[in-house]
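Single-structure report; data block below.
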Amino acid sequence: MLAGQFKDWYGITFPLQAWTNILVTERYNHRETEPKWQAFWEQNQSFRAVRDEARPKYYVLEMFPYPSGRIHMGHVRNYTMGDVIARFRRASGYNVLHPMGWDAFGMPAENAAIERGVHPKGWTYANIATMKAQLKSMGLAIDWSREIATCDPSYYKHEQAMFIDFMDKGLVERRTSQVNWDPVDHTVLANEQVIDGKGWRSGAVVEKRELAQWFLKITNYSDDLLSSLDRLTTWPEKVRLMQKNWIGRSEGMRFSFDLEDEAGQLLKDKLSVYTTRHDTIFGASFCALSADHPMVKSLEADSPAIATFRKEVAALGTSEENIERAEKKGVPLGIYARHPFRAGVRVPLYAANFVLMGYGEGAIFGCPGHDQRDWDFATKYGLPILPVVGPRDGAAVDVSQGPYLEDDASKVHIINSDFLNGLSVEDAKSEIANRMEEMKIGERRVNFRLRDWGVSRQRYWGCPIPVIHCETCGVVPVPKKDLPVTLPEDVTFDKPGNPLSHHPTWKHVNCPKCGGKAQRETDTFDTFIDSSWYFARFCSPAAPMPVDPSDARYWMGVDQYIGGIEHAILHLLYSRFFARAMRDTGHLGMDEPFNALFTQGMVTHETFKTLEGEWVVPAEAVEMDGKWTHAKTGEPLVVGDIEKMSKSKKNVVDPDDIIATYGADTARWFMLSDTPPERDIEWTTSGVEGAWRFVQRIWRLVQEAASATGSADGTSLRRTTHKAIAAVTDDLENLRFNRAIARIYELSNALGAGLQGGTDAAAVSEAAKALVLLSAPMMPHLAEECWKVLGVEGTVVGTPWPKADPKLVIDDQVTMAIQINGKRRDEITVAKGLTKDQLEPVVMALESVKRLLDGKPIKKFIVVPDRIINIVC
RNA sequence: GUGGGCGUGGCGGAAUGGUAGACGCAACGGACUUAAAAUCCGUUGGGAGAAAUCCCGUGUGGGUUCGAGUCCCACCGCCCGCACCA
């Protein structure tokens, strides 16, 4: 539908028409000009970033793409935004670093190998070549000399070296642990990669398995990662909150119960639990242990009931639906916990399905009076429910229908709790903590939800983990002189599992320590490691060390980072951790890599379906009199919801088609118009055509302006021009692209009117130049071409950002609204800066005011200088 | 459940507590044209009126204020994150 629509008259020169002496100009031909200027910028290395201590730097970075094959509209939006910032900052005098690279390791390459028999490396580099050409056709102001691909040994060599440094620093651990196993991708997933109990990529239900894994000790930095969020004031509040919740700090106590058997005999073992509500200890009516708790496991052999229960819990899995539906269930263990403060009182132990082994101690005490979960459990098993928190006003507490939950701590106090009675929750916690610490049965403890980062993956297309397993020496890091450990290329993908471990020779090596027979680690890194430090590598992409300190000192941190909200936790948290780990191993001199973060919205599109429910691509949907039909088959189509562009719903528009038909400038302009950048944008044909018409309009206006000879007063146009300069500058500084564009439309409207009205040629020329310069960050090719038409020396990329003349930005006259009792009744245009005393006689003399006041006395005369007058009567 | 965000014309959206609807899209009318496209000019929140002008209007109901789309409270609706975290 899109292609071909303009084909017939594309580039046609319209003849001069006899009825007018206005020059009818050629249409702007992006097919000629866009490649021309792209070549010009490349030849002149216009965007090459060179360190220059004398100039202020500005590092703008968009999240680098995965080379999946072709770019999509989400990339176009993301990279357009970054490019506008880069070009704007560059024109404003900053030394700009705007690099691009490829997040090139990952499973799609292996899947392609399995499905189509191509080699992951060949597939990846072919995709990079395609996508690089596509990005270049967008006219991005990128320093391509800094391009990096994470699958290149010259990149991952340094990743391996840093991993060894992390090992030396105690930031790496190898331990057997229960892992999330993706049965489709045959690999381990990090907690962060498990979404609703399913693999984030395969969508398969995740299983639990015990495996020896490499871990990065991100939890060493839990406190710092959390508290430093407060410093990231230019990050979206939402992202900071998500990270805060993810790290999940809670202040509580760990303490242990003495245990006894049915008969009251003291047992050797104790039960350690974690709680944040130790003030409710007198309301405890049971203890619940995770099905995976060591104590439960040890009882399994002797108790069929416990064994069955453990199987049930394992079968339930971790998916959201199951958890929601699952009843609170448990099995008594036949063991009892002695209450630490009530001699002779004991509560039963249960294995329970709602207690997580991975958090706290994997065991809790249940206080059903004040916790929904505990209440459900106690009700099911007939356990006592004793309220121990009640309203301060002494009102009765009814816990027969549900727990008593009051958020407002000032309204409640402790009841039924011996020495705690009457205390506030806070004081009761502190009292219990002191007593338990005295008794040496527990201590105050801060707990985090954040787990260490499991980074082992049983995949081929990733960075090899640089260690060797030796029977005599154990785990031996690969000596740095032997790095990089490169991937073998002769691998096969005909059986499930890791091709590296199937490879006949690769893993067999001699131990670097003892020289004996040893085996390479065949796991590779989680690809999130690759993307956790690339921003630093861009500062010195060819350095012999991971990061050249002097380059990093100059360029880091990233002044503006832009990407999707989907990376709010994983990528951004890992990067923050990596910066800290790199700091502690001497690779980087800072801990927060991204000074400012911006998360852009998605690109959406209408969906189309046939009556049979088959998705149809928008390019094949044709509208006729409000009805949609299939372009080829003619069958009627149903218009569905507006949704994120996705291959599965076929509501995608190919950037190549758009750039070929309308040009990159049009696509860029559309992406920034109308919709605020953080919101989802709907791609529409009419919107693109509107952007395309504006390209043509600028082109025409500039042609006309170039030959303008008018002499009528140009003050008004000059004011509009300088106001536009001031406003667009402010909007671009604050990433309000849609507002900047509205201002540019206003300027073009004023210029059009000025040309019609024969406005002074100098003012017209000034307006036209401003129009070109202000729109240049968004439409760089058109701007260069217009610059030539205006006959100005040099190029737009070589021209500094225009400066607004303050005298022309501020009006000497203002129109003030006149309100009576808060309702707008009239307006008055007066000199700027008049005071209340100067305004009052003038306003009171107005006919409209006299009539509306109708002789009523005035109570107040309010003046907001240069804005509004409100008469209260 | 819990945390957060948002509700403004036919649509996308503007609006430091100070003239609601900038700017764009769409629609309609006109000019130009043999015709169409393109372009240009105009109209476009609702209602009353010939007009001047007036009334109503930012999800609903209250409140603070000289003045509320904006601040506060309650409710309704939509969207997003987290999800048995002790």
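The chains referred to below are lettered A, B, ... by the order of the sequence lines, with proteins before strands, and numbering in each begins at 1.
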Kindly point out which of B/rG4, B/rC25, B/rG18 is positioned nearest to the side chain of A/Ile868?
B/rG18
Sorted by chain and number, sequence neighbours left out, side-chain contact (heavy atoms from CB on, under 4.5 Å) with A/Ser250 holds for A/Tyr274, A/Thr276, A/Tyr359, A/Asn447
Regarding the side chain of A/Arg867, the nearest nucleotide among B/rG18, B/rG3, B/rC80 is B/rG18
What nucleotide, of B/rA86, B/rC25, B/rC85, holds the atom closest to the side chain of A/Arg449?
B/rC85
Of all the nucleotides listed (B/rA86, B/rC23, B/rG18), which has the minimum atom distance to the side chain of A/Leu356?
B/rA86
What integer number of Å spans the P atoms of B/rG81 and B/rG29?
45 Å
I'd like a table of atom pairs between the protein and nucleotides 65-69 of chain B - only N or O on both sides, under 3.5 Å - with the distance next to each one.
from   : atom 1 : to       : atom 2 : distance (Å)
B/rC66 : OP1    : A/Lys860 : NZ     : 3.4
B/rC66 : O2'    : A/Asn870 : ND2    : 3.3
B/rC66 : O2     : A/Asn870 : ND2    : 2.5

Under the rule for side chain to side chain donor-acceptor pair (under 3.5 Å), what residues qualify as partners of A/Asp674, not counting sequence neighbours?
none
A/Ser686: partners by side chain to side chain donor-acceptor pair (under 3.5 Å), with sequence neighbours left out:
none
So does A/Arg449 get a backbone contact from the side chain of A/Arg451, meaning a donor-acceptor N/O pair under 3.5 Å?
yes
Residue closer to the 5' end of RNA chain B, A/Arg277 versus A/Ala817 (nearest nucleotide)
A/Ala817
Sequence neighbours excluded, the answer for side chain to side chain donor-acceptor pair (under 3.5 Å) partners of A/Arg240 is A/Glu237
Given the C1' atoms of B/rU34 and B/rG10, what is the spacing between them in whole Å?
36 Å
A/Thr835: partners by side chain to side chain donor-acceptor pair (under 3.5 Å), with sequence neighbours left out:
A/Gln838
Base, sugar-phosphate alone, or nothing: which one does A/Val355 contact when heavy atoms must sit under 4.0 Å apart?
base
Please list, by residue number, the residues of residues 745-754 of chain A whose heavy atoms come closer than 4.0 Å to an atom of RNA chain B; answer none if no residue qualifies.
A/Tyr745, A/Glu746, A/Asn749
Per the side-chain hydrogen bond (donor to acceptor under 3.5 Å, both in side chains) rule, what does the pair list look like for residues 864-873 of chain A, sequence neighbours excluded?
A/Lys832-A/Asp866
Quick check on B/rC40: is either OP1 or OP2 less than 4.0 Å from any side-chain nitrogen or oxygen of A/Arg697?
yes
A/Met242 has its side chain closest, among B/rA86, B/rG81, B/rA26, to B/rG81
Tell me, please, which residues at least two apart from A/Lys238 pass salt bridge (charged side-chain N to carboxylate O under 4.0 Å, His left out).
none
Nucleotide nearest A/Arg700 (side chain, heavy atoms from C-beta), chosen from B/rA26, B/rC40, B/rU19
B/rC40
Nearest-Å distance once atom C1' is located in both B/rG45 and B/rG9:
5 Å
Which nucleotides of RNA chain B pair, in dot-bracket form (Watson-Crick or G-U under 3.5 Å, | meaning another strand)
(((((((..(((.....[....))).(((((.......))))).((((....))))..(((((..]....))))))))))))....
If you measure from the P atom in B/rG62 to the same atom in B/rA68, how many Å do you get, rounded?
14 Å
Have a look at A/Arg743 and say if it touches a base, only the backbone sugar-phosphate, or nothing, with a 4.0 Å heavy-atom cut-off.
nothing
What nucleic acid atoms does A/Thr815 come within less than 4.0 Å of, heavy atoms only: base, sugar-phosphate, or nothing?
base
N/O contacts under 3.5 Å, protein versus nucleotides 11-13 of chain B?
from   : atom 1 : to       : atom 2 : distance (Å)
B/rG12 : O2'    : A/Thr675 : OG1    : 2.7
B/rG12 : N2     : A/Asp674 : OD1    : 2.9

Measure from the side chain of A/Val864, starting at C-beta and using heavy atoms only, and say which of B/rC84, B/rA86, B/rG18 lies closest.
B/rG18
Between B/rU33 and B/rC23, how far apart are the C1' atoms? Round to whole Å, please.
31 Å
Within 90° of 0 counts as syn, otherwise anti: where does B/rG21 fall?
anti
If you find the nucleotide of RNA chain B closest to A/Ser250 and the one closest to A/Glu237, which residue's nucleotide is nearer the 5' end?
A/Glu237
Pick out the pairs of N or O atoms, protein on one side and nucleotides 50-57 of chain B on the other, that lie under 3.5 Å.
from   : atom 1 : to       : atom 2 : distance (Å)
B/rC55 : OP1    : A/Arg825 : NH1    : 3.2
B/rC55 : OP1    : A/Arg825 : NH2    : 3.3
B/rC55 : OP2    : A/Arg825 : NH1    : 3.1
B/rC56 : OP2    : A/Lys823 : NZ     : 2.9

